[in-house]
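Heads up: the structure comes next, in structure tokens.
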2 protein chains.
Amino acid sequence: MKTRGEYSSMKPGSISNTCEVMSIWEVLDKRWALLILKNLSTKEVIRFTELKKTLSGISSTVLAERLLELQRKGLVTKKIYPEIPPKVEYALTIRAKELEVILKELARWANRWKSTGTSKTMTTIAVRKKPS
Amino acid sequence: MKTRGEYSSMKPGSISNTCEVMSIWEVLDKRWALLILKNLSTKEVIRFTELKKTLSGISSTVLAERLLELQRKGLVTKKIYPEIPPKVEYALTIRAKELEVILKELARWANRWKSTGTSKTMTTIAVRKKPS
DNA sequence: CGGTATCCTAGCTGATACTG
DNA sequence: CAGTATCAGCTAGGATACCG
């Protein structure tokens, strides 16, 4: 793995910014994270390649990276079957089940959306009253 | 603005991939998008700089870019007061209000989270039965 | 199958400058 | 204030190749 930067970008002067606390948003805000969680919630367990297929466009590099991050945050579990060919099952943790509900709502909202063309661009210019 | 790439990355061979349909996830999945929406929902209207301050780390370039994308998707409205200095107010559209509810749940979940250290890394290795 | 290593491009930030 | 423009520098993600 590389994972060198990790978004931090702290100034050279700042002292030991070993701030591990950071919110869960740090991982949720990354690309694919929500979609992964959402698709993870469609089945009890899911395998790497299966998950990859549902996420059209993701690279295995990033999928593996995200799954690790989610795992570290305690949202995903990983079960390895030491066989050849390998078999790995990913699943949501209990704590992620709460999130699951929310995600499903979000997914339904996203589906319900669909319509209304891409460029509405609602911009209003407030007119000033003329000085009478 | 530049906005050249737009994530598409289609091969030079592919024919006229003018696929405008794409789901709302296309914009929601981008960095900062959810956070912007979330913070937008804390007030009825909010100004650019004010919003920027709540999003620690974002650059004005990207904030402007995201707001435009959200606007195009019909989630955000923009109201310009032609004054000097300029004043611009951003707000959620009615359609985004549904999303707002979900986002608030998500935010509460994220806050409720907080605890349990960063590296639990629940990985299970399934053991094989020995051939008796 | 489920990754990791490598290389290269796309995306984001920071700084600075400029405008209405 | 609310941007846009530009450039440097670093990070994130995609494609491909390879391995146990």
Side-chain angles (χ1 to χ4, degrees), chain A residues 1-14 26-33 35-36 45-71 76 78-91 123-126 128, chain B residues 1-14 26-27 29-33 35-36 45-69 71 76 78-91 121 123-126:
Chain A
M1 259 227 291
K2 35 190 180 191
T3 311
R4 296 155 312 195
E6 201 74 3
Y7 273 1
S8 306
S9 92
M10 61 176 192
K11 295 187 178 65
S14 66
E26 183 189 1
V27 54
L28 258 40
D29 192 41
K30 289 191 179 178
R31 197 181 175 198
W32 297 110
L35 271 329
I36 290 173
V45 298
I46 191 166
R47 298 178 61 178
F48 190 88
T49 308
E50 200 179 348
L51 185 53
K52 189 172 190 300
K53 274 185 291 188
T54 69
L55 298 164
S56 173
I58 199 173
S59 62
S60 30
T61 317
V62 173
L63 180 52
E65 197 175 307
R66 287 293 172 281
L67 284 169
L68 222 180
E69 293 163 358
L70 293 171
Q71 219 190 136
V76 167
K78 179 177 184 175
K79 187 170 183 178
I80 302 174
Y81 295 84
E83 320 172 337
I84 302 230
K87 179 179 172 185
V88 178
E89 291 176 343
Y90 291 95
T123 304
T124 310
I125 315 282
R128 281 159 309 195
Chain B
M1 262 225 293
K2 36 188 178 193
T3 312
R4 297 156 310 194
E6 203 74 6
Y7 275 1
S8 307
S9 91
M10 60 177 192
K11 293 186 178 64
S14 64
E26 184 189 1
V27 54
D29 193 39
K30 289 191 180 177
R31 196 183 175 197
W32 296 113
L35 271 331
I36 291 173
V45 297
I46 192 166
R47 301 178 60 176
F48 190 88
T49 308
E50 202 179 347
L51 185 55
K52 190 171 188 298
K53 274 185 291 189
T54 70
L55 298 164
S56 173
I58 198 173
S59 63
S60 28
T61 316
V62 172
L63 179 52
E65 196 174 309
R66 289 292 172 282
L67 284 170
L68 222 179
E69 293 164 358
Q71 218 189 139
V76 167
K78 179 177 185 175
K79 187 170 183 178
I80 302 174
Y81 295 85
E83 321 173 336
I84 303 228
K87 178 179 172 185
V88 178
E89 290 175 345
Y90 291 96
T121 329
T123 303
T124 309
I125 315 281

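Lettering of chains follows the sequences in order, A, B, ..., and the numbering in each one begins at 1. Here the structure is a predicted model, which is why all the values come from computation and not from measurement.
Following rounding to the nearest Å, I46(A) (CD1) and dC1(C) (P) show an atom-to-atom distance of 14 Å. For the pair K52(B) NZ and dT4(D) P, the interatomic distance rounds to 13 Å; values are reported in whole Å.
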Report the C-alpha separation of L67(A) and F48(A) in whole Å, then their side-chain angles, then the decisive distance to 0.1 Å, and conclude whether the side-chain contact (heavy atoms from CB on, under 4.5 Å) test is met.
-> CA-CA 9 Å; L67(A) 284 169; F48(A) 190 88; 4.0 Å; yes

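Regarding contacts with the backbone of dG14(D), a side-chain N or O of R31(A) is found under 4.0 angstrom from either OP1 or OP2. Side-chain N/O atoms of R66(B) include one lying less than 4.0 angstrom from OP1 or OP2 on dC12(C).
Between K53(A) and E50(A), no side-chain nitrogen of the basic residue sits less than 4.0 Å from a carboxylate oxygen of the acidic one, so the salt-bridge criterion is not met.
Y90(B) contributes atom OH, which lies 8.0 Å from atom OG1 of T123(A) (distance to the nearest 0.5 angstrom).
If you check every strand for non-hydrogen atoms under 4.0 Å, I58(B) touches sugar and phosphate atoms only.
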Could you list all N or O pairs between the protein and nucleotides 1-3 of chain D that sit under 3.5 Å apart?
from, atom 1, to, atom 2, distance (Å)
dC1(D), O3', R47(B), NH2, 2.8
dA2(D), OP1, R47(B), NE, 2.6
dA2(D), OP1, R47(B), NH2, 3.2
dA2(D), OP2, T49(B), N, 3.0
dA2(D), OP2, T49(B), OG1, 2.4
dG3(D), OP1, K78(B), NZ, 3.2
dG3(D), OP1, Y90(B), OH, 3.0
dG3(D), OP2, Y90(B), OH, 2.5

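Sequence order on DNA chain D of the closest nucleotides to W32(A) and I84(A) puts W32(A) first from the 5' end.
When the shell of 6.0 Å around NZ of K79(B) is examined, it contains 12 or fewer heavy atoms from other residues, nucleotides or ligands.
The two residues K52(A) and I58(A) come nearest to each other via the heavy atoms NZ-O, 3.6 Å.
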